[in-house]
Amino acid sequence: MPHPRVLYWFRTDLRVHDSPALHAALALEPQCLYPVWCWDPHYVREARVGPNRWQFLIQCQRDLSASLTRLNPAQRLLVLREAPGTLLPKLFKEWAITHLVFEKDTDSYAAQRDAEIVKLAQEADVQVITRTGRTLWDPAAIIKENGGKATMSLTSFMKASKNLGDPPKPLPEPSSIPDPGDLSLSFLNTVPPTVIDLNKLHRQKHDDESYSALAGPNSDFAPPTLEELGIPESTATTPHQGGETVALTQLAKLLEDSKFIATFEKPKTAPTAFEPAATTLLSPHLHFGSLSVRRFLHDVQRVTSAYKGSKSQPPTNLPGQLYFRDMYFAAQHAVGPAFSHTVGNPVVRYIPWHLPSTMPPSPTAPYTIDSPRAHAWFLRWAWGVTGFPFVDALMRQLRQEGWIHHLGRHMVACFLTRGGAYVDWERGAEVFEELLLDHEPACNLGNWMWLSCTAFFAQYYRCYSPVAFGKKWDPHGAFVRRYVPELRGFADKWIYEPHLAPEAEQRKAGCFIRDLEDGGLLPLKTQAAGQVYYPSPMFDFAERRDFCLAQMKKAYQVGLHGDDPRVRDGTAKAELFEQVESSENTTTASTHKRKRTRSTNEAGPLDGWVKKGKK
DNA sequence: ATGACGTTGTATGA
DNA sequence: TCATACAACGTCAT
């Protein structure tokens, strides 16, 4: 191949440092290099992406574009507004591409898409080169070492990875890149049909205009703006910044504190710490690839080996966190698309949760409202108005900033599922998908299974208390005061349980604790103008914990997994869990009636609270 | 078969 | 600041 013309397809590798795929592209000694980002409708419309993550992504794209220009003034990131499946074959022809290069992505959707793209490239006589780069090890290689089985514990993962040797050393940033070829485009873009638009809720300004022109409104291939996407800038409220430059600066700063790096123990870091947080906050960069996971590992190992003194070990140290990430990627790879839900998933335990996913999946009615009460609990959880200050503080921090500490995620996930509301973990995973900057499908899904004790973890009797767990880390409640400002005036004694404060204390604190009306879905009817209120707890936690514990015990005895045919056809709940249903249902309609009146939600899952709650 | 272990629980009592 | 009961899960090494 004398004059390779390379299309480098950027996806979740928005960086120029340690990019094995970019190095592979440059090793071809190309005559020209096209650095392309395709505006995949899977991301634009089908995945749940909140304003904060849109902003973070755009920042990553802009920073990458600037880096490419630094490496060659004629270069920039070419953002094209069309689906890869229809766009890439046209580009192969238009730019006489000889090689397509990209970093492997083993997420379920991406793997399927990439297989199709590889086929299209072969049909166009374009050679495809891929490299593993998103994880420390290739998930497929890990699973092969693990005998084809999903890695369900860190022990099995570590054993499998040991046979593969150390992860590759990080590669340096290239000193230069070749010119692009001719950038003219002789065709208009094909606008993908809108079948699903899970992000419609966020497009308050106007409809999505990201597909209005192939190379952007100014024909300059620029990354989109929030304005173009119809998302008001004011709704992106995160203080966290995207981009490789920010990521590497943040990493360098962390590495200066060798004691922090070498003695890091995750369970000893406080979920209540803010400004600064107790952990590295590098996870969003790992997701978008603005930081290489191998670069992170290598730098941590270098600083740790130079550190004099006793050091922390996996699984609690910093490398241990990265191993867990890889473990989830490998498990997802082994299970396939079913990893994202219960039905058909062989590794997940079946629990007859409230608000189960609709089968077959439907984007307009994603779940069944089997219990209006549980639905209200779910919405109140998602919007941080449960009446449990620690839970609400965490959920509001998540919504505002797009990041909460790992242990905080444990707390709210346990609370929604096996330790409180008894709501399906898939509902919680969807809310996290929308709000987290660092949303990594494999890790998010894996951790939700972990915390709901449906896979990876089974000690369901270890249950987090929304009062005790907060107090343990932050006895004075500074974290609660920061994110639930209406409670600021309460004394430490009441900060985690303000509903127990006498009326006089509430008056002194300038905030009254009152029940929400209509089963908790509506704000108070009787509130006075100018008066500040905070809701009473949405349920008796001790009572709910006991109930959940009993249900979990029963479900473990029944012992069904997601791939059981009785789970798929819906008979499992009816035939094996009748007693579960009736034992909880003491106050509302009978089991019989509820089953017949089961309805699905027409609006988006969070529609109810949004408008009414915001007033 | 058996026992140790598993990243990160809570309440109680000394 | 410890230790222990709570009621008791799955995985892995032996």
Side-chain angles (χ1 to χ4, degrees), chain A residues 145-147 149-162 263-273 277-280 283 300 311-328 330-331 334 346-351 388 390-391 394 404-420 425 443 446-475 479 496-497 540-562:
Chain A
E145 286 297 330
N146 200 44
K149 296 194 304 288
T151 42
M152 299 308 291
S153 70
L154 195 68
T155 315
S156 63
F157 170 81
M158 296 282 273
K159 213 176 133 189
S161 70
K162 212 169 181 182
T263 64
F264 181 94
E265 287 180 80
K266 183 62 141 301
K268 291 186 181 168
T269 58
T272 50
T279 50
T280 68
S283 52
V300 163
K311 301 156 189 179
S312 52
Q313 297 296 320
T316 58
N317 68 358
L318 282 171
Q321 311 311 303
L322 302 179
Y323 299 153
F324 272 109
R325 177 173 179 270
D326 257 51
M327 177 192 81
Y328 286 132
V347 302
V348 76
R349 200 171 274 282
Y350 173 69
I351 315 273
F388 292 91
F390 189 45
V391 173
L394 286 162
I404 54 176
H405 185 279
H406 190 65
L407 291 182
R409 301 182 196 198
H410 278 211
M411 171 70 242
V412 298
C414 177
F415 184 85
L416 181 71
T417 59
R418 66 179 168 88
W425 62 267
C443 301
N447 275 318
W448 273 96
M449 288 183 234
W450 185 299
L451 264 300
S452 61
C453 287
T454 50
F456 299 101
F457 184 73
Q459 289 160 271
Y460 57 78
Y461 40 84
R462 289 193 186 173
C463 181
Y464 291 87
S465 155
V467 174
F469 193 64
K471 271 186 192 167
K472 182 167 105 181
W473 291 103
D474 183 15
F479 179 78
Y496 287 98
E497 293 173 289
D540 180 323
F541 173 72
E543 196 181 281
R544 291 304 301 173
R545 182 196 52 213
D546 292 348
F547 167 80
C548 287
L549 216 63
Q551 299 333 299
M552 294 301 287
K553 189 177 173 181
K554 162 123 184 160
Y556 266 69
Q557 282 168 355
V558 172
L560 292 183
H561 285 75

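All chains are named by letter (A, B, ...) in the order of the sequence lines, taking the proteins before the strands, and each is independently numbered beginning at 1.
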Write out a two-atom table: protein N or O, nucleotide N or O from nucleotides 1-3 of chain C, distance below 3.5 Å.
none

With sugar-phosphate meaning primed atoms plus P, OP1 and OP2, does [X] contact a base, only sugar-phosphate, or nothing at under 4.0 Å between heavy atoms?
X        : value
A/Trp450 : base
A/Ser156 : sugar-phosphate
A/Gln321 : base
A/Phe469 : sugar-phosphate

Quick one: does [X]'s side chain get under 4.5 Å of [Y]'s, heavy atoms only?
X        : Y        : result
A/Val347 : A/Met152 : yes
A/Trp425 : A/Met449 : yes
A/Arg325 : A/Cys443 : yes

Please tabulate, for the side chains in residues 314-323 of chain A, all donor-acceptor contacts under 3.5 angstrom to protein atoms that are two or more places apart in sequence or on a different chain.
unit_1, atom_1, unit_2, atom_2, d
A/Thr316, OG1, A/Gln313, O, 3.2
A/Asn317, OD1, A/Gly320, N, 2.9
A/Asn317, ND2, A/Ser312, O, 3.3
A/Gln321, OE1, A/Lys266, NZ, 2.7
A/Gln321, NE2, A/Pro315, O, 3.2
A/Gln321, NE2, A/Thr316, O, 3.2
A/Gln321, NE2, A/Asn317, O, 3.0

- [ ] Give the rounded distance in Å between these two atoms: NZ of A/Lys149 and P of C/dG10.
- [x] 17 Å
TODO: Would you kindly give the CZ-to-C1' distance between A/Phe157 and C/dC12, to the nearest whole Å?
DONE: 18 Å
Do the side chain of [X] and the main chain of [Y] share a donor and acceptor less than 3.5 angstrom apart?
X        : Y        : result
A/Arg409 : A/Ile404 : yes
A/Arg349 : A/Thr454 : no
A/Arg545 : A/Gly420 : no

TODO: Please report the shortest heavy-atom distance between A/Tyr556 and A/Cys453, naming the atom on each side.
DONE: OH-O, 2.7 Å
- [ ] For residues A/Cys463 and A/Gly419, report the shortest heavy-atom separation together with the two atoms involved.
- [x] SG-CA, 3.7 Å
Task: Pair A/Tyr328 and A/Phe456, ring centroids less than 6.0 Å apart - done: yes
Task: Start and end of chain A contact along DNA chain B [non-hydrogen atoms, under 4.0 Å] - done: B/dG6 to B/dA11
Considering only atom [atom1], compute the distance from [N] to [M] and round it to an integer number of Å.
N     : M     : atom1 : answer
C/dC2 : B/dT7 : P     : 23 Å
B/dG6 : C/dA8 : C1'   : 14 Å
C/dA3 : B/dC5 : P     : 16 Å

TODO: Can you establish whether the number of heavy atoms outside A/Lys159 located under 6.0 Å from its atom NZ is more than 12?
DONE: no
Open item on the list: Please list all pairs meeting side chain to side chain donor-acceptor pair (under 3.5 Å) that have one or both residues in residues 456-474 of chain A, counting only residues at least two apart or in different chains.
Closed with: A/His410-A/Tyr464
TODO: Quick one: the dot-bracket string of DNA chain B, using Watson-Crick and G-U wobble pairs with both distances under 3.5 Å, [ ] for crossing pairs and | for bases paired to another strand.
DONE: ||||||..||||||
Short heteroatom pairs, N/O only, protein and nucleotides 4-9 of chain C, under 3.5 Å:
unit_1, atom_1, unit_2, atom_2, d
C/dA8, OP1, A/Lys553, NZ, 2.6

Task: Test side-chain hydrogen bond (donor to acceptor under 3.5 Å, both in side chains) applied to A/Thr269 and A/His405, step by step - done: CA-CA 9 Å; A/Thr269 58; A/His405 185 279; 2.8 Å; yes
Open item on the list: Need to verify one output field. Residue with the more 5' nearest nucleotide on DNA chain B, A/Thr316 or A/Gly470?
Closed with: A/Thr316
Task: ring-ring contact (aromatic ring centres under 6.0 Å, His included) between A/Tyr496 and A/Phe388, intermediate numbers included - done: CA-CA 7 Å; A/Tyr496 287 98; A/Phe388 292 91; over 10 Å; no
